[in-house]
There are 2 protein chains.
Amino acid sequence: MKARRDVFQAIADPTRRAIIGLLAKQTQTLNTVADNFNMSQPAISKHMRILTECGLVVMIKQGRERHCSANFKALEEVAQWAEQYRSFWSSRLDALENLLNESD
Amino acid sequence: MKARRDVFQAIADPTRRAIIGLLAKQTQTLNTVADNFNMSQPAISKHMRILTECGLVVMIKQGRERHCSANFKALEEVAQWAEQYRSFWSSRLDALENLLNESD
DNA sequence: ATGATATATAACCATTTGGTTTAGTAAAAC
DNA sequence: GTTTTACTAAACCAAATGGTTATATATCAT
C-alpha cells in the first residue's frame, strides 16, 4: 500500500495544476481533459491518478467513462500553509529588510 | 542558464517547507538550519540553493557564514493560486456534490 | 457477434530528484 | 602560518518522475 499522496507534491506539476483549472470550470471525462494537452491519454491517466490519490480529484465511473471532478477542499491545506506567512510579506518584515536590519 | 525555478516545485519537498518554517522564526546561517535535520550539510546546501533560485530565500554572505532569510513574498503566488478556488470549497459546490447532482 | 470507444495497465526509457561522500575554498581562530 | 570552521562543488547513486508505446478490458453501437 502506497503512502498517502502529498497534495504539495501533486500541485508541483504544471500539467496537474492546469487539470485542476479545467475541472474548476466543469466536471469532465478523462478523455476531454486529455484533449487539452499535448500528451498521450495514458500520461493524463497517470496525472489523474496522482490527483485522486491525494484527494484533489474524485473520479466516478459511469459506463465506460470516468467523470472527473475537482475536490477543492484538498487545497485548503496548501492555502493555509501559504497564508500563515502572509503577515510576513504584507508587513515590512520581509527577507531583505531582516537582513539589512541585522547587518546595521 | 537554468530556467527560473518554480516555487510550486520548491515547496513540494517537506524538508524545504520545514526550512521555510524555521526561517520564519528568525534568520539563520546555513549550518544552524542544517542542525535541525537528519541529513548532511551539503544536502541542506542544495535545498537552500533551490529555495534561493525561486526567490523564497535570500542568502547574504557575511564572513564565512551565509545568513539565510525567507522572502515570504514569493509565497504570494501559491496563496493566490490556492485561494482562487476557495469559493468552491467553502460553498456547497464541491466535487462529490457536483457528481451527485450530475447523476441525478 | 463485431467493431469502435474510453480507459487502465504494463513495460520501457531518459531525466530529475534527493541524498551521499569526498574534495576544495575562503574566512576565523589560534 | 597552521588549523578549524562554514560552506560550495564535484562525482556518484538509487529511486522517483513524467513521458512514451503497446496491450488489455470493459462498455456502447451496429
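Throughout, protein chains are lettered first and strands after them, A, B, ... in sequence-line order, and every chain is numbered starting at 1.
The interatomic distance linking A:Ile60 (CD1) with C:dA8 (P) rounds to 14 Å, in whole Å. Atoms CD (A:Glu65) and P (D:dA29) sit 10 Å apart, rounded to a whole Å. Distance, B:Glu53 CD to C:dT17 C1': 13 Å, rounded to whole Å. Summarising the geometry, the separation between CE on A:Met48 and P on C:dT9 is reported as 14 Å, rounded to the nearest angstrom. Rounded to an integer number of Å, the gap from NE2 of B:His47 to C1' of C:dT16 is 14 Å. Rounded to a whole Å, the NE2 atom of A:His67 is 16 Å from the C1' atom of C:dA8. Rounded to a whole Å, the CG atom of B:Leu30 is 12 Å from the P atom of D:dA9. Going from atom CG of B:Asp13 over to atom P of C:dT17 covers 11 Å, rounded to whole Å.
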Task: Contact pattern, 5' to 3', of nucleotides 21-30 of chain C - B, S or - by protein heavy atom under 4.0 Å - done: BB----BSS-
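For the pair A:Leu22/A:Thr32, no side-chain contact is recorded, criterion being any heavy-atom separation below 4.5 Å from C-beta on.
Shown here are the salt bridge (Lys or Arg N to Asp or Glu O under 4.0 Å) partners of B:Arg64, two or more places apart in sequence or in another chain: there are none. Under the ring pair (Phe, Tyr, Trp, His ring centres under 6.0 Å) criterion, A:Tyr85 pairs with A:Trp81, B:Phe72, not counting sequence neighbours. Taking the side chain to side chain contact (heavy atoms under 4.5 Å, CB included) definition, one finds that A:Glu83 meets it with A:Ala79, A:Arg86, B:Glu83, B:Arg86, sequence neighbours left out. Scanning for side chain to side chain contact (heavy atoms under 4.5 Å, CB included) contacts around B:Ala12 gives A:Ala12, with sequence neighbours left out. A search for side chain to side chain contact (heavy atoms under 4.5 Å, CB included) contacts involving A:Thr52 returns A:Val57, A:Met59, not counting sequence neighbours.
Sequence neighbours left out, not one pair with a member in residues 21-43 of chain A passes salt bridge (charged side-chain N to carboxylate O under 4.0 Å, His left out).
A donor-acceptor distance shorter than 3.5 angstrom exists from the side chain of B:Asn71 to the backbone of B:Gly55, with no hydrogens or angles considered.
A sub-4.0 Å separation between OP1 or OP2 of D:dC7 and a side-chain N or O of B:Arg49 is absent. In this structure, B:Gln9 does not reach the D:dT17 phosphate: none of its side-chain N or O atoms is under 4.0 Å from OP1 or OP2.
For A:Arg66, the side-chain atoms get nearest to C:dT7 when compared with the rest of D:dG18, D:dC7, C:dT7.
The stretch residues 31-39 of chain A comes close to DNA chain C through A:Asn31, each having a heavy atom under 4.0 Å from the strand.
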Which side-chain N or O atoms in residues 38-51 of chain B pair as donor and acceptor under 3.5 Å with protein atoms at least two apart or in another chain?
| from | atom 1 | to | atom 2 | distance (Å) |
| --- | --- | --- | --- | --- |
| B:Ser40 | OG | B:Ala43 | N | 3.4 |
| B:His47 | ND1 | B:Arg16 | NH1 | 3.1 |
| B:Arg49 | NH1 | B:Glu53 | OE2 | 2.7 |

